[in-house]
There are 2 protein chains.
Amino acid sequence: MHSTRVLLQSIPEGLRRQASAVHLAQDSCLFRVGDHVRAAFLVLSGEVRLARIGFQGVEVTLQRSRGGFIAEASLDSKVYHCDAVATAASDLLAFPAEAFKRSLTEDSAFSRRWQSILANEVRKLRAQCERLCLRTAEERIVHYIEAEGVAGVIELQIAKKAWATELGLTHEALYRALRRLQAAGTLAVSGRRLELLAARSEQPQTD
Amino acid sequence: MHSTRVLLQSIPEGLRRQASAVHLAQDSCLFRVGDHVRAAFLVLSGEVRLARIGFQGVEVTLQRSRGGFIAEASLDSKVYHCDAVATAASDLLAFPAEAFKRSLTEDSAFSRRWQSILANEVRKLRAQCERLCLRTAEERIVHYIEAEGVAGVIELQIAKKAWATELGLTHEALYRALRRLQAAGTLAVSGRRLELLAARSEQPQTD
DNA sequence: CGTACTTTTGAATCGCATCAAATCTGGTGG
DNA sequence: CCACCAGATTTGATGCGATTCAAAAGTACG
């Protein structure tokens with residue numbers, strides 16, 4: 001994933017050496033409700049889903065990770081409150097929980113870095129929530145490019161199909177909306193590069 | 001707000017004493033793009049919206065806060081990258097940015113507490129993103145109660161109208177979905193108390 | 001007792017999900 | 001090189017559910 005490398009570099013050398021690689025086959029399980037929290041996990045590739053069987057027997061998905069840390073908040077807890085299952089074959093790194101927490105306490109540079117990582121994640125997630133509250137596919141696309149891109153340009157790091165999921169849309173709806181935006185002259189698409197085009201003062205009488 | 005009191009209690013005494021109260025009239029501005037970051041803000045009441053004028057002149061909302069910290073990630077930055085405007089008359093607390101950052105560095109208890117607060121916020125936001133990706137109002141309601149409540153029961157801290165916004169629905173759609181769930185015997189509503197009822201093994205032949 | 005707000009219901013419309021299927025793409029092995 | 005496969009990408013037709021607009025009833029508060 002895009003930012004996974006950066007995350008890995010934020011981890012102090014000593015802690016990184018204690019990491020062990022974990023490979024998950026599709027549909028295999030990383031941990032279950034009630035398991036002791038023994039490690040902090042970083043998803044390198046694939047997809048891991050956190051879910052819980054609800055009161056009603058309905059499964060509730062709490063997170064879908066395609067890169068980055070999962071269940072960070074569980075570090076404060078003794079046991080997990082949800083299941084983690086690989087939606088696709090995945091590679092992860094496991095950092096021993098105790099060592100991780102010790103680093104956070106004793107290594108002040110890592111502590112600040114970790115706060116910065118979390119605050120940044122919070123910022124991104126809040127923007128995503130706002131985006132998902134928009135009603136049309138076109139608005140979500142524009143919002144995404146404005147919020148995650150630079151100066152109206154973004155190079156997607158994922159396939160459009162996966163992007164559709166992140167936007168809370170079916171891939172069909174995304175493709176159609178992209179086409180409409182291109183037809184309207186609002187957006188230029190070339191492969192995974194998306195560019196918003198400046199509005200050509202077509203406003204009907206703004207005098 | 002619900003958790004605002006808890007957040008306030010997490011802040012060390014010395015830092016809390018340096019806080020100044022800020023009142024914002026509706027539509028008044030807290031800060032603008034380019035302003036120097038001088039304080040960390042905690043929203044006590046009302047609503048503050050973070051937004052940015054996008055490349056296209058379209059305004060993009062990045063966050064809508066009805067309680068809790070806003071723009072935490074900006075503490076790492078010298079200037080703001082978005083505008084903050086009060087959507088309603090609001091009360092906030094302003095903590096001097098330098099003192100806040102110093103506390104995070106020097107007060108290890110506060111540092112850990114802050115990490116815990118951020119990790120918890122991340123967890124909640126991820127669940128909210130998953131919830132907003134659900135297609136029907138009923139699914140979002142059940143997901144909310146399962147994820148945010150305890151044993152299928154939740155006492156709403158906000159009016160249903162505000163809850164609708166958080167669920168990415170109009171209030172009409174929410175009321176109608178609540179009614180359908182009650183009619184189906186899935187949910188009991190009394191005022192702001194919502195309770196999921198155990199599924200009455202009405203499964204059509206699960207043998 | 002009046003005002004502002006939430007809660008509730010109704011009818012028409014719009015946009016996305018769904019199902020179906022064709023095309024295109026990159027990578028594999030013969 | 002070509003055949004082939006598993007994906008992603010693209011287009012079409014249909015139905016459903018939420019939005020939208022409108023309005024009434026309930027509720028809290030000064």
Side-chain angles (χ1 to χ4, degrees), chain A residues 1 25-27 45-47 61 66 86-90 129-144 155-184 186-194, chain B residues 1 25-27 45-47 61 66 86-90 128-144 154-184 186-194:
Chain A
M1 274 296 278
Q26 181 166 3
D27 296 325
S45 72
E47 185 182 82
T61 298
R66 302 179 61 81
T87 329
S90 307
C129 284
E130 291 298 331
R131 183 155 54 242
L132 290 171
C133 283
L134 297 175
R135 282 147 282 96
T136 69
E138 296 180 27
E139 285 176 304
R140 292 188 198 171
I141 291 169
V142 172
H143 187 290
Y144 185 91
E155 179 84 21
L156 289 180
Q157 300 298 325
I158 51 181
K160 294 211 184 78
K161 198 174 179 181
W163 188 34
T165 304
E166 198 176 328
L167 291 174
L169 299 168
T170 59
H171 58 279
E172 295 99 323
L174 173 60
Y175 290 125
R176 281 189 258 257
L178 284 174
R179 185 156 280 274
R180 282 196 302 271
L181 286 170
Q182 287 179 83
T186 311
L187 182 71
V189 180
S190 57
R192 288 187 175 172
R193 184 175 183 279
L194 305 176
Chain B
M1 274 298 277
Q26 182 166 5
D27 296 325
S45 71
E47 184 182 82
T61 299
R66 303 180 61 82
T87 329
S90 306
Q128 190 178 359
C129 284
E130 291 297 331
R131 184 155 54 242
L132 290 171
C133 283
L134 297 176
R135 284 146 278 97
T136 69
E138 297 179 27
E139 284 176 304
R140 292 188 198 171
I141 291 169
V142 172
H143 186 289
Y144 185 91
I154 195 167
E155 179 84 21
L156 289 180
Q157 300 297 325
I158 52 180
K160 294 210 186 79
K161 197 174 177 181
W163 187 35
T165 303
E166 198 177 327
L167 291 175
L169 300 168
T170 59
H171 58 278
E172 296 98 322
L174 174 59
Y175 290 126
R176 280 189 259 255
L178 283 174
R179 185 155 279 274
R180 282 197 301 272
L181 286 170
Q182 288 178 80
T186 311
L187 182 71
V189 180
S190 56
R192 287 187 175 172
R193 183 174 184 279
L194 304 175

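Order of the sequence lines fixes the chain letters, A, B, ..., with proteins taken first and strands second; residue numbering starts at 1 for each chain.
- In terms of phosphate contacts, B:Tyr175 brings no side-chain nitrogen or oxygen within less than 4.0 Å of OP1 or OP2 of C:dT8.
- Salt bridge A:Arg66/A:Glu47: present, at least one basic N to carboxylate O contact under 4.0 Å.
- At a threshold of 4.0 angstrom between heavy atoms, the contacts of B:Gly168 are confined to the sugar-phosphate backbone, with no base atom among them.
- At whole-Å resolution of the value, CG in A:Leu156 and P in D:dA8 are 14 Å apart.
- Listed nucleotides: C:dC16, C:dT6, D:dT19. Nearest to the side chain of B:Thr170: D:dT19.
- Within 4.0 Å of A:Arg192, counting heavy atoms only, lies no atom of the nucleic acid at all.
- Atom P of nucleotide D:dT19 and atom CG of A:Leu134 are separated by 12 Å, given to the nearest angstrom.
- Annotation: side chain of A:Leu174 is in contact with side chain of A:Ile141 (closest heavy-atom distance under 4.5 Å).
- Here the C1' atom of nucleotide C:dG15 and the CZ atom of A:Arg140 are 11 Å apart, to the nearest Å.
- Considering A:His143, A:Arg180, A:Arg176 in turn, A:Arg180 is the only one that fulfils the side-chain hydrogen bond (donor to acceptor under 3.5 Å, both in side chains) rule with A:Glu138.
- Atom CD of A:Glu139 and atom P of C:dG15 are 10 Å apart (whole Å).
- If A:Ala137 and A:Glu172 are placed on DNA chain C by their nearest nucleotide, the residue sitting closer to the 5' end is A:Ala137.
- Rounded to a whole Å, the CD1 atom of B:Ile158 is 17 Å from the P atom of C:dC5.
- With hydrogens and angles left out, the side chain of B:Arg176 and the base of D:dT20 share a donor-acceptor pair within 3.5 Å.
- Closest approach of B:Leu156 and B:Trp163 over heavy atoms only: CD1-CE3, 3.6 Å.
- Looking at which nucleotide of DNA chain D each of B:Glu138 and A:Leu178 is closest to, the 5′-most match is held by A:Leu178.
- Going from atom NZ of B:Lys161 over to atom C1' of C:dA4 covers 10 Å, rounded to whole Å.
- Taking atom CZ of residue B:Arg179 and atom C1' of nucleotide D:dA25, one finds them 13 Å apart after rounding to whole Å.
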